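To keep things clear, I will list the structure first and then write my remarks on it.
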Amino acid sequence: MTEQEPQTVHVGGSVDKALARAISLNIGAMLKEAWQGAARLDRGMLSPLLMLVGLSLVLGSIMLEVMGMLGWTITDIQGQSLLQLVLTVMLAPAYAGIQLIALQHVVGLRPPLNMLWHWYRIGPVLSLAALLTMAISSLGTALFIIPGLLLQVVLAPVLMLVADKGMSPFAAIRVSVIVGFKYFAVFLVCQLLLIVAVAVGVLTFGLAALWLAPFYLRFQAIIYRELFGVRLKLATGQQQALFNA
């Protein structure tokens, strides 16, 4: 008996439709969907999140030791720049991994925990994308504060586009900027949600982050799904995400 060929199903929008602003978004419904998934303790999201936080703390501690040997502190411009640069390069693939774990959750899948590290296979490309994104936002903020902040908002999907769609960093930045400004309201809500999640998390000594961090990541993933779409491969009654990278 021959094995049945898997069937590919497309969920959500597409890059072409998003660029043409041919997609309608209901921000309230998207927020509701994200909260329904995060209202309970979402272990599927919390486990990789805690691993990412742990990795960040370890790398941060190592870098503080290195900065100390160089005679720099966290208050020095050189020290801050070095810390930001190293963390951006080292954590970009893991951050892409947590974003795509959230994406799989919002299309009904339960990805394995090791997906957090899966995208280190294209680590240099993702690190370059993260560095370019950081440089564009920082330059924009330094020259023109408001445009720089706006760029920071619309560049949020860059890593996901590189990892999921297989785009080059430059193509992902171009698509992200165009689509981001066309759908600026939803991207702004996502950025404000991140700010609120961080602020409330700090005020509650991290307790609220157990719900707000998955809420933010799910909302970001829903935006991506609705705008850019996801391809799923259906085989033997099970669903598997099919990423293009």
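Because the structure is predicted, anything quoted here is derived from the model rather than measured. FYI, the numbering just counts along the sequence from 1. Heavy-atom basis, side chains included; hydrogens, waters and symmetry copies ignored.
Linking ILVMFWY residues whenever their side-chain heavy atoms come closer than 4.5 Å, directly or via other members, places Leu82 and Met69 in the same cluster. The hydrophobic clustering, which links ILVMFWY residues whose side-chain heavy atoms are closer than 4.5 Å, places Leu116 and Leu113 together. Cluster membership for Val15 and Ile178, using ILVMFWY side-chain heavy atoms within less than 4.5 angstrom, is shared. Leu203 is not connected to Phe205 by any chain of hydrophobic side-chain contacts under 4.5 Å among Ile, Leu, Val, Met, Phe, Trp and Tyr, and they are in different clusters. If you chain together hydrophobic residues whose side chains sit under 4.5 Å apart, Ile136 and Val89 never meet in one group.
When all heavy atoms of Leu100 and Ala163 are compared, the closest pair comes out as CD1-CB, 3.6 Å. The two residues Pro93 and Ser127 have their closest heavy-atom pair at CD-OG, 4.1 Å. Contact record, Val177 with Leu155: CG2-CD2, 3.6 Å, taken as the closest heavy-atom pair. Between Val106 and Ala221, the shortest heavy-atom distance links the atoms CG2-CB, 3.9 Å. Closest approach of Gly180 to Val154, counting heavy atoms only: C-CG1, 3.5 Å. Looking at every heavy atom in both residues, Pro157 comes nearest to Phe228 through CB-CE1, 4.1 Å.
Taking CG from Leu217 and CG from Leu194, the interatomic distance works out to 9.0 Å, rounded to the nearest 0.5 Å. Between the CE atom in Met30 and the CD1 atom in Ile223 there is a gap of 4.5 Å [rounded to 0.5 Å]. For the atom pair CD1 of Ile101 and NE2 of His105, the computed distance is 6.5 Å after rounding to the nearest 0.5 Å. Interatomic distance, OG1 of Thr133 versus CG of Leu128, reported as 9.0 Å (0.5 Å rounding). Here the CG-OH distance, from Leu126 to Tyr120, works out to 9.5 Å after rounding to the nearest 0.5 Å. The CG atom of Leu19 sits 6.0 Å away from the CZ atom of Arg174 when rounded to the nearest 0.5 Å.
The residues Lys17 and Glu226 are annotated as not salt-bridged, no charged nitrogen and carboxylate oxygen being separated by less than 4.0 angstrom.
Side chain of Tyr183 to backbone of Ile23: a donor-acceptor contact under 3.5 angstrom is found. With hydrogens and angles disregarded, a donor-acceptor distance shorter than 3.5 Å links the side chain of Arg21 to the backbone of Lys182.
Taking a 6.0 Å sphere around CZ of Phe170, one finds it holds 12 or fewer heavy atoms contributed by other residues, nucleotides or ligands. Arg43 CZ: 12 or fewer foreign heavy atoms inside a 6.0 Å radius. Within 6.0 Å of CE in Met134 there are more than 12 heavy atoms belonging to other residues, nucleotides or ligands.
At a threshold of 4.5 Å between non-hydrogen side-chain atoms, the residues Val200 and Leu212 count as touching. The shortest side-chain heavy-atom distance between Leu210 and Leu207 falls under the 4.5 Å cut-off. Side-chain contact check for Val162 versus Ser168: every heavy-atom pair is 4.5 Å or farther apart. With a 4.5 Å cut-off on side-chain heavy atoms, Leu161 and Ser176 count as touching. Residues Leu227 and Leu25 are in side-chain contact: their nearest non-hydrogen atoms beyond the backbone lie under 4.5 Å apart. Between Gln152 and Gln191, some side-chain heavy-atom pair lies under the 4.5 Å cut-off. Looking at Leu103 and Met160, their side chains come closer than 4.5 Å, going by heavy atoms from C-beta outward. Two residues are said to be in side-chain contact when any heavy atoms from C-beta on lie closer than 4.5 Å; Glu33 and Arg225 meet this criterion.
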Full working for side chain to side chain contact (heavy atoms under 4.5 Å, CB included) between Ser56 and Leu87: CA-CA 7 Å; Ser56 303; Leu87 291 181; 5.6 Å; no
Derivation and outcome, side chain to side chain contact (heavy atoms under 4.5 Å, CB included), residues Leu131 and Leu85: CA-CA 8 Å; Leu131 286 173; Leu85 178 66; 3.3 Å; yes
Verdict with reasoning, Trp211 to Trp35, per side chain to side chain contact (heavy atoms under 4.5 Å, CB included): CA-CA 9 Å; Trp211 289 271; Trp35 180 248; 4.2 Å; yes
Residue pair Trp119, Leu159: steps toward the side chain to side chain contact (heavy atoms under 4.5 Å, CB included) verdict: CA-CA 10 Å; Trp119 299 103; Leu159 291 182; over 6 Å; no
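Taking the six-membered ring where the residue is Trp, Phe219 and Phe215 present tilted rings, their angle falling between 30° and 60°.
Side chain to side chain, Gln220 and Tyr224 fail the donor-acceptor criterion of an N or O pair below 3.5 Å.
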